[in-house]
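Please read all numbers here as calculations on a predicted model, not as lab measurements. Below, all heavy atoms of this structure are taken into account, side chains as well, without hydrogens, waters or symmetry copies. We count ligands from 1, going down the list as the structure has it; atoms in each ligand are counted the same way.
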Amino acid sequence: MPKREIEGDWVLGWPDRKRPAIIPGKDAEGRVINGRAPVTELAGLITPNEAYYIVNQLEAPEAVHPDDWKLSIKGEVERPFELDFENLMKLPGRSVRGVTECAGNDAGFFDYLRKGAKKPSRVNQQDMQKRAEQRVKGELPSSEEISSESTTTCAVSAGEFTGVPLVEVLKRAGIKPGAVCVRAQGFDTGHPDTAVIYRSVGTRNFEIPDPGVIHYEKALPLEKALDPDTILAWAQNGEYLWHVHGSPVRLIVPGWSGNWWVKWVEELEVMSTMPTPFYQREYFVYGESAQDPKKPPLMAMGVRNIITEPLDEDSPLPRGSHMIRGRAWSGKGAITRVEVSFDEGKTWTDAHLEEPRERWLWRRWSFLWEVDKPGQYKIMARATDETGRVQPQTPWNFQRKHFDWIVPTDVTIV
Ligand SMILES: Nc1nc2c(c(=O)[nH]1)N[C@H]1C(S)=C(S)[C@@H](COP(=O)(O)O)O[C@H]1N2
Ligand SMILES: [Mo]
């Protein structure tokens with residue numbers, strides 16, 4: 001392992017160990033508007049708040065003090081009502097540990113595996129500040145920039161969230177028969193950032209309908225809204241929620257990609273027909289192209305797995321024994337198996353799975369690899385979840401969302 005830069009921070013006992021933190025992008029006022037988690041520097045299961053990735057689609061809203069916050073519950077309910085922070089906290093609570101993953105995380109690996117495009121790095125190298133500045137100026141990146149850059153990695157983290165099941169709030173309002181979804185609205189507003197959408201697709205040659213200035217909102221299908229693990233959270237990792245993560249209260253929708261986890265929630269509307277908010281219609285969708293008449297919304301994630309050690313960047317490695325480590329998770333349940341392969345997938349061997357096996361959290365795994373023969377190796381790993389789903393589950397789609405394919409680590413043994 002290369003020696004890390006000396007930081008001079010003795011909090012951790014020795015100065016050459018870096019504390020994992022996001023590399024933030026900031027807006028004109030200096031507010032953090034995006035950041036990527038240093039995924040390969042994390043140890044354990046929970047991502048510290050300093051290192052948790054951040055994605056904002058619209059403008060960063062002014063912070064709202066919990067005392068000034070109100071949630072309104074309306075629509076197809078018997079008793080519409082407003083709830084303040086104090087009364088929300090009086091409802092029967094629940095904590096959930098789970099992975100937050102942006103739908104576009106690791107999207108560049110689709111192109112690498114399909115078309116031999118440049119392999120993205122898991123080590124955070126994206127200049128989020130440049131993107132933030134382009135956004136502030138309302139500048140669109142050039143077509144060349146968009147088609148040549150490798151798209152998002154490191155937009156994934158895992159945390160412990162404390163709050164109240166959404167169903168507890170809905171029960172008090174009384175859902176009317178015929179309801180199909182709950183529309184959750186954040187108090188952030190803005191014009192959708194078209195640069196983000198062009199970057200996601202990898203080209204600028206299509207029209208994005210302009211919805212004007214909108215609120216961030218998602219219409220959550222009723223079944224998932226009623227799942228007791230879907231919570232309105234006011235705490236993350238033992239602290240009250242940070243503003244950048246949606247304080248005072250955000251939605252936690254375990255297993256479903258980050259875009260469902262509406263931050264800064266101010267309104268819940270129970271509806272008897274499914275609306276199609278901008279992001280649910282144009283961006284967080286599958287489909288063959290922007291013109292595809294059928295663009296189904298993204299929901300549960302596939303089966304995910306990343307090899308965190310060794311990295312391509314660690315190559316070359318000496319002969320001998322090497323620990324291969326990774327983390328696996330799934331949108332539909334706990335991980336029950338991880339296998340590794342060193343012959344391009346012809347034969348597979350079980351890796352060791354670490355406890356705990358939590359339904360929505362990633363699971364650590366490891367394999368002690370003894371290698372005597374010098375040469376080029378592709379280390380592959382594939383995960384299986386408790387519903388029997390094996391990687392990969394998600395076909396290519398034009399927005400390059402929900403990537404869950406097997407990505408080999410390339411190392412040379414000398
Ligand atoms: N109100 C609101 N909620 C939002 C967003 C947003 O722009 N506004 N972005 C979504 C997206 S795309 C992701 S990936 C997650 C990121 O959550 P985080 O910033 O707390 O990591 O929040 C989601 N919730
Ligand atoms: Mo996202």
What protein heavy atom lies closest to [atom]? Include the residue and the distance to one decimal.
atom	answer
atom 11 (C) of ligand 1	Asn259 CA, 3.7 Å
atom 7 (O) of ligand 1	Gln57 N, 2.7 Å
atom 23 (C) of ligand 1	Gly258 O, 3.2 Å

Quick check: [X] and ligand 1, any N/O pair under 3.5 Å apart?
X	answer
Lys263	yes
Gly186	no
Arg250	yes
His245	yes
Asn56	no
Tyr216	no

CD (Glu59) and CG (Asp193) are apart, to the nearest 0.5 Å, by 9.0 Å
Atom OG1 of Thr47 and atom CG of Asn237: how far apart are they, to the nearest 0.5 Å? 7.5 Å
Shortest reach to atom 14 (S) of ligand 1 by a heavy atom, considering only Phe284, Tyr53, Trp264: Tyr53
Can you sort out which atoms of ligand 1 are near [X], meaning under 4.0 Å from one of its heavy atoms?
X	result
Asp188	1 (N), 2 (C), 6 (C), 7 (O), 8 (N)
Val262	3 (N), 24 (N)
Trp261	22 (O), 23 (C), 24 (N)
Cys102	14 (S)

Can a donor-acceptor pair be found, under 3.5 Å and without considering hydrogens, that links the side chain of His243 to the backbone of Pro61? yes
Report yes or no: does Asn305 contribute a side-chain atom to a donor-acceptor pair with the main-chain N or O of Gly326 at less than 3.5 Å? no
For a side-chain contact (heavy atoms from CB on, under 4.5 Å) check, start with the C-alpha distance between Met301 and Val99, then their side-chain angles and the critical distance, and finish with the verdict. CA-CA 11 Å; Met301 306 271 314; Val99 173; over 6 Å; no
Looking at every heavy atom in both Asn259 and Lys218, which two are closest together, and how far apart are they?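 Asn259 and Lys218 have their closest heavy atoms at OD1-NZ, 2.8 Å.
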Heavy-atom distances under 4.0 Å are what count here, so tell me which part of Glu101 touches ligand 1: side chain, backbone, both or neither. neither
Using a 4.0 Å heavy-atom cut-off, say whether Val55 meets ligand 1 through its side chain, its backbone, both or neither.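 Looking at Val55 and ligand 1, atoms from backbone and side chain both fall under 4.0 Å.
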Would Tyr377 and Phe342 count as a close aromatic pair, with their ring centres under 6.0 Å? no
Identified salt bridge (Lys or Arg N to Asp or Glu O under 4.0 Å) partner of Arg363 from the options Glu358, Glu354, Glu386, Glu355: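 Running salt bridge (Lys or Arg N to Asp or Glu O under 4.0 Å) over Glu358, Glu354, Glu386, Glu355 with Arg363 returns exactly one hit, Glu355.
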Taking 4.0 angstrom as the limit, do Glu344 and Lys378 come out as a salt bridge? no
Are Glu339 and Arg337 within salt-bridge range, i.e. N to O under 4.0 Å? yes
